[in-house]
Amino acid sequence: MPQLVWTAKVHQANILRLRPLMASSLDLELQKRQSRDGYLLLREAGLPRHCQADAVVVAMHWKDSRSSLCHICVSSEEADHPESTRCWEVAVRLRRLLRPTDS
């Protein structure tokens, strides 16, 4: 199971503003039922039913709202070399997307 984890300085409101861009460029949609203040869960959308188990999942967790430090975890159940998975591709593209707000 590939999993990539890093910490970035980004405010939760900025992530919510980037939601349409993440949906169009990364094919990630917010899982509203599993998200709450300080925790967001995004899941790869548009996969056929038989591929849903391999969907890329992004979990974002803010421990302290004052510092805006966000723990980001991108994972999937893909059984391939980590650098050749959709998980890896989404993680790299998400890091680039968040770079302007990352310190």
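Since the model is a prediction, treat every value here as computed from it, not as a measurement.
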Discussion item. With side-chain contact (heavy atoms from CB on, under 4.5 Å) as the criterion, how do H71 and V5 come out once you've worked through the C-alpha distance, each side chain's angles and the decisive distance to 0.1 Å?
Written reply: CA-CA 7 Å; H71 180 76; V5 180; 3.0 Å; yes
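Judged as a side-chain hydrogen bond (donor to acceptor under 3.5 Å, both in side chains), and not counting sequence neighbours, the contacts of E44 are R86. Partners of R17 under the side-chain hydrogen bond (donor to acceptor under 3.5 Å, both in side chains) rule, at least two apart in sequence or in another chain, are N14.
One N or O on the side chain of W62 and one on the backbone of V10 form a donor-acceptor pair closer than 3.5 Å. For the pair R93 (side chain) and W88 (backbone), a donor-acceptor distance under 3.5 Å is absent.
Listed here is the closest heavy atom pair of V56 and L28: O-CD2, 4.3 Å. The minimum heavy-atom distance between A59 and Y39, with the atom names listed, is CB-OH, 3.8 Å. Here the closest heavy-atom approach between residue K9 and residue S67 is recorded as CE-O, 3.2 Å. The minimum heavy-atom distance between S75 and Q3, with the atom names listed, is CB-CG, 4.0 Å.
Taking CG of L30 as the reference point, atom CZ of R43 lies at 13.0 Å (rounded to 0.5 Å).
When the side chains of ILVMFWY residues are joined at heavy-atom separations under 4.5 Å, either directly or via intervening members, M60 and L18 end up in a single hydrophobic cluster. In the hydrophobic clustering of this structure, V57 does not group with L40; members are Ile, Leu, Val, Met, Phe, Trp, Tyr whose side-chain heavy atoms approach within less than 4.5 Å, directly or through other members.
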